[in-house]
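What follows is a short report on a single structure.
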Amino acid sequence: MASGLPIVATHTGGTPEILHKGINALIFPKNDSHSCAACVVKVLTDRQLVNAICTRARETIERGFRLEAMVGSIEEHLRSCL
């Protein structure tokens with residue numbers, strides 16, 4: 001995402017916290033190889049969609065996951081544990 005590349009993923013684990021279908025990633029159901037393939041085909045054929053998703057993915061990272069912000073969040077969490 002930080003590199004501005006298209007993301008094709010499932011909504012498992014922690015991904016729903018950051019990945020949003022059609023907004024900053026292409027999402028397919030877990031264990032659904034046909035849906036995964038359809039997402040890959042979209043990446044290869046729909047340049048307008050991919051450009052929009054990549055732009056929003058990069059914005060997602062810049063907004064919430066810059067090093068300075070992450071360090072600040074970790075420090076705040078650690079202080080709250082004391």
Side-chain angles (χ1 to χ4, degrees):
M1 291 176 77
S3 298
L5 297 173
I7 305 299
V8 175
T10 61
H11 254 187
T12 56
T15 60
E17 295 176 24
I18 188 172
L19 300 181
H20 305 285
K21 185 176 184 176
I23 305 297
N24 62 9
L26 294 173
I27 306 296
F28 64 94
K30 179 181 172 183
N31 299 323
D32 186 341
S33 59
H34 294 289
S35 292
C36 178
C39 288
V40 172
V41 168
K42 280 185 184 180
V43 167
L44 296 173
T45 60
D46 192 337
R47 183 59 30 208
Q48 185 176 6
L49 174 65
V50 168
N51 288 341
I53 285 174
C54 289
T55 297
R56 289 188 298 260
R58 175 82 183 166
E59 290 169 354
T60 299
I61 296 301
E62 289 177 356
R63 196 173 47 250
F65 298 93
R66 295 187 62 81
L67 181 60
E68 299 83 7
M70 297 300 294
V71 168
S73 293
I74 291 168
E75 286 177 343
E76 184 178 316
H77 175 72
L78 291 174
R79 281 191 189 107
S80 74
C81 293
L82 294 174

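Counting only residues at least two apart or on different chains, no side chain to side chain donor-acceptor pair (under 3.5 Å) pair has a member in residues 42-53.
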Got a list of side-chain donor-acceptor pairs under 3.5 Å for residues 2-10, not counting sequence neighbours?
residue	atom	partner	partner atom	Å
Thr10	OG1	Thr12	OG1	2.9

May I have the list of side-chain donor-acceptor pairs in residues 24-32 shorter than 3.5 Å, sequence neighbours left out?
residue	atom	partner	partner atom	Å
Asn24	OD1	His20	N	2.7
Asn24	ND2	Ile18	O	2.9
Asn24	ND2	Thr60	OG1	3.1
Asp32	OD1	His34	N	3.3
Asp32	OD1	Ser35	N	3.0
Asp32	OD1	Ser35	OG	3.3
Asp32	OD2	Ser35	OG	2.8

Please tabulate, one pair per line, all N/O donor-acceptor pairs under 3.5 Å involving side-chain atoms of residues 75-82, not counting sequence neighbours.
residue	atom	partner	partner atom	Å
Ser80	OG	His77	O	2.7

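Members clustered with Val40: Leu44, by chain and number, using a 4.5 Å side-chain heavy-atom cutoff among hydrophobic residues.
The side-chain hydrogen bond (donor to acceptor under 3.5 Å, both in side chains) check on Arg56 picks up nothing, with sequence neighbours excluded. Residues satisfying the side chain to side chain contact (heavy atoms under 4.5 Å, CB included) criterion with Thr15, sequence neighbours excluded, are His11, Leu19. Take Glu62 and apply the side-chain hydrogen bond (donor to acceptor under 3.5 Å, both in side chains) test, not counting sequence neighbours, and it matches Arg58. Residues forming a side chain to side chain contact (heavy atoms under 4.5 Å, CB included) with Glu17 (at least two apart in sequence, or on another chain): none.
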